[in-house]
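Numbering starts at 1 and runs along the sequence shown. In this text the structure is predicted, and so the values were computed from the model without any measurement.
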Amino acid sequence: MISRVQRALNFAVKLGADEAEAFASDNVVVTIRIASNRVVETKLVQDSGINICAAIKNKVGFCSGNELNQELVKRALAIARARPPNPKFNGFPTPKRASKPSAIYDRDLAEICRSKIVELAEEMLQSALDFDKKIVEVSGAINLMTERCAVANTNGVEATDATTKILGHLTAEANGLDRGEGQGWMGSTTLGNFEPSLIGKQAAELAIKSLRAKKVKPGIYDVVLEPNAAAELLYHVLAYAINGKDVYDQISYFRDCLEKMVASEVFSIDDWGNMPSGLYSKTIDDEGSPTRKTPLIKEGRLVGFIYDWYYGGLAGKKSTGNGFRLGDFGRSYQSSPTPYITNLVVQPGNAGSDELREDTRNGLLLSRIWYTYPITPQVGDFSTTSRCGFLISDGEVKGAIKQVRIHENLPRLLKKLDGVGKVPQQIIPWGASAAVSTPSLRFRGVRIS
């Protein structure tokens, strides 16, 4: 792949570009889908291509296609000549040495045959059905993703990267006097660490526990979010606030908060792009800059944002290695780079899961939430709905609850966060293009409707 992007650069310079950048990607996604208690579909999608970004002074043109040829490069240059100047254009990154994180690419996973993935899906399914006779309906999927990319520019950047991951999710429904639902999830960058039977067991166990759910009264509750629920909240409502682009665009509620206290002292979070075994770890970003660990909030104080090359330049900062080209199947040749998180990592605390509950008199334990989205992004208001939840009374779990709605403000809740668990889990929230590693979190005084 590196030879293709180098040839694209040569074409661009030969045809009149002052500066240029080329990026190629090749992604393979295998999906095994489960519905109505059986495997119903196996699908493979491969998406590959190349793009060229050409600059003539500060006029920039972009073009992409499945194949490299001179016509593709000519179109990029024609677009550059036709566009108005961008006085904020700051060129392309300069080369820096990058080290590949451990355990982000597994050849066994990249070369696994489809029949073996079907066997993993069947194991996941059967472990849920065997858990309890009350489990009546199981659905879900296993997705295997292999990403490869290459990037080069006229400043001397030349780099390649490759990653693998396998993700499994399952929803189980239990039938008793009423219906109960539970979800299981697991992701791994290596085949050896992927345990499908645990996913099925987790989903079935939650479904059984969710039977006989009762309504709770609207009011103020202390809320313990287990890792899946915490990851959902942080991805959808915190991640944009620490993004340099959203800060520049005045969308972030943290836009004027650098070096100020924005959370309780027990909360620290980083973006860790080269985390060993990280589900969204990379060696380089899609501009060729090395990934790294970027502190964001340290003991409650906002200490940084994530940047790509362009938005880092606008802020007078360097790239944090977060310039990514996002597409439906991973890193995409069809997109220009923009700042994006990789692995959001909450630093574990010292509270066991029992301790978080035992110190809660009137509260809710939420295992899953969904339909989580900002309502007013500039101030951090959001809405979410519980999917699997339980009542806590005087430190004990008293049983399942029916769905509740939370309309809240995350900046307010971050200052009400008083408990961080010891054991983190890596989660990719539904529809996310990044991972969140977090333990359980406890928030005091949450409004429930």
CG of L314 to CZ of F89: how many Å apart, nearest 0.5 Å? 12.0 Å

Please check if any side-chain donor atom of R447 sits under 3.5 Å from a side-chain acceptor atom of S449, or the reverse. no

Those residues at least two apart in sequence (or on a different chain) that pass side chain to side chain donor-acceptor pair (under 3.5 Å) with T160 are none

Using the side chain to side chain donor-acceptor pair (under 3.5 Å) rule, take R405 and S383 through it: C-alpha gap first, then chi angles, then the decisive distance, then the call. CA-CA 7 Å; R405 170 75 67 178; S383 176; 2.8 Å; yes

Between D285 (side chain only) and G323 (backbone N and O only), is there a donor and an acceptor less than 3.5 Å apart? yes

Rounded to the nearest 0.5 Å, how far does CG of L109 lie from CE of M145? 10.0 Å

Can a donor-acceptor pair be found, under 3.5 Å and without considering hydrogens, that links the side chain of S335 to the backbone of L326? yes

Working for side chain to side chain donor-acceptor pair (under 3.5 Å), residues N322 and D271: CA-CA 9 Å; N322 289 87; D271 181 81; 2.9 Å; yes

Is E41 close to V39 at the side-chain level, that is, under 4.5 Å between some pair of heavy atoms? no

Between S268 and I297, does the side-chain contact (heavy atoms from CB on, under 4.5 Å) criterion hold? Intermediate values first, please. CA-CA 5 Å; S268 297; I297 298 173; 5.8 Å; no

Report the C-alpha separation of E137 and S36 in whole Å, then their side-chain angles, then the decisive distance to 0.1 Å, and conclude whether the side-chain contact (heavy atoms from CB on, under 4.5 Å) test is met. CA-CA 6 Å; E137 184 82 13; S36 302; 3.6 Å; yes

Flag the pair V224 / L364 as yes when at least one side-chain heavy-atom distance between them is below 4.5 Å, and no otherwise. no

Sole residue of K100, K165, M275 in side-chain contact (heavy atoms from CB on, under 4.5 Å) with S281: M275

Using the test side-chain contact (heavy atoms from CB on, under 4.5 Å), find all partners of E71 that sit at least two apart in sequence or belong to another chain. N69, K74, R75

Main-chain N/O of S319 paired to S289 side chain as donor or acceptor, under 3.5 Å: no

Drop me the distance from S64's OG to N66's CG, to the nearest 0.5 angstrom. 8.0 Å

Please identify which of these residues, T384, L413, T385, meets the side-chain contact (heavy atoms from CB on, under 4.5 Å) condition with I406. T384

Is the number of heavy atoms from other residues, nucleotides or ligands within 6.0 Å of CD (E265) greater than 12? no

Contacts of N37 that satisfy side chain to side chain donor-acceptor pair (under 3.5 Å) - sequence neighbours left out: none

N/O donor-acceptor pair under 3.5 Å between E173 side chain and G180 backbone: no

For R387 and E181, run side-chain contact (heavy atoms from CB on, under 4.5 Å): C-alpha distance rounded to whole Å, both residues' side-chain angles, the deciding distance at 0.1 Å, then the answer. CA-CA 8 Å; R387 195 171 186 187; E181 184 182 89; 2.9 Å; yes

Which residue pairs pass the salt bridge (Lys or Arg N to Asp or Glu O under 4.0 Å) test when at least one of the two sits in residues 190-206, sequence neighbours left out? E205-K209

Show your reasoning for whether side-chain contact (heavy atoms from CB on, under 4.5 Å) applies to N274 and T283. CA-CA 6 Å; N274 58 358; T283 307; over 6 Å; no

When rounded to the nearest 0.5 angstrom, what is the spacing between CG in L233 and OG1 in T372? 7.0 Å

May I ask you to decide if D381's main-chain N or O and T376's side chain share a donor-acceptor pair within less than 3.5 Å? no

Restricting to pairs with a member in residues 229-238, which pass salt bridge (Lys or Arg N to Asp or Glu O under 4.0 Å), not counting sequence neighbours? none

Residue pairs passing the salt bridge (Lys or Arg N to Asp or Glu O under 4.0 Å) test with at least one member in residues 308-337, sequence neighbours excluded, are E21-R325, D161-R331, D286-R331

Tell me every residue that passes ring-ring contact (aromatic ring centres under 6.0 Å, His included) with Y240, counting only those two or more places apart in sequence or in another chain. Y253

One should read off an interatomic distance between W430 CH2 and Q183 CD, to the nearest 0.5 angstrom, of 10.5 Å

I135 versus V138: any side-chain heavy-atom pair under 4.5 Å? yes

OG1 of T190 to CG of D108: how many Å apart, nearest 0.5 Å? 9.0 Å

Quick check on R107: does its CZ atom have over 12 non-hydrogen neighbours (other residues, nucleotides or ligands) under 6.0 Å away? no

N/O donor-acceptor pair under 3.5 Å between T291 side chain and K282 backbone: yes

Q378 versus R255: any side-chain heavy-atom pair under 4.5 Å? yes

Evaluate the criterion side chain to side chain donor-acceptor pair (under 3.5 Å) for residue pair E226 and S367; output intermediate values, then yes/no. CA-CA 5 Å; E226 293 193 313; S367 299; 2.7 Å; yes

So, the side chain of N27 versus the backbone of F329: is there a donor-acceptor pair under 3.5 Å, distance only? yes

Atom CD of E67: over 12 foreign heavy atoms under 6.0 Å: no

With the side chain counted from C-beta on, respond yes when R368 and L206 share a heavy-atom pair under 4.5 Å apart, and no when they do not. yes

4.5 Å side-chain heavy-atom contact, P424 and T438: no

Q347: what forms a side chain to side chain donor-acceptor pair (under 3.5 Å) with it, not counting sequence neighbours? D270

Just by distance, do the side chain of W309 and the backbone of N90 share a donor-acceptor pair under 3.5 Å? yes

Which is it for Q403 and S386 under the side chain to side chain donor-acceptor pair (under 3.5 Å) test, yes or no, and what are the steps along the way? CA-CA 5 Å; Q403 286 189 353; S386 68; over 6 Å; no

Would a distance-only check, ignoring hydrogens and angles, find a side-chain to backbone donor-acceptor pair under 3.5 Å from N153 to P93? yes

Listed partners of Q6 passing side chain to side chain donor-acceptor pair (under 3.5 Å), at least two apart: E158

Can you tell if the side chain of L44 reaches within under 4.5 Å of the side chain of V29, non-hydrogen atoms only? no

The criterion is ring-ring contact (aromatic ring centres under 6.0 Å, His included); which residues satisfy it with Y340, sequence neighbours excluded? none

Residues 51-63 side chain polar contacts: donor-acceptor under 3.5 Å, at least two apart:
residue: N51; atom: ND2; partner: Y333; partner atom: O; Å: 2.8
residue: K59; atom: NZ; partner: R81; partner atom: O; Å: 2.9

Has N343 got a side-chain atom pairing as donor or acceptor with V345's backbone, closer than 3.5 angstrom? no

Looking at residues at least two apart in the chain, or sitting in another chain, which of them share a ring-ring contact (aromatic ring centres under 6.0 Å, His included) with H236? none

Using the side-chain contact (heavy atoms from CB on, under 4.5 Å) definition, which of the options I166, T189, T342 pairs with L279? T189

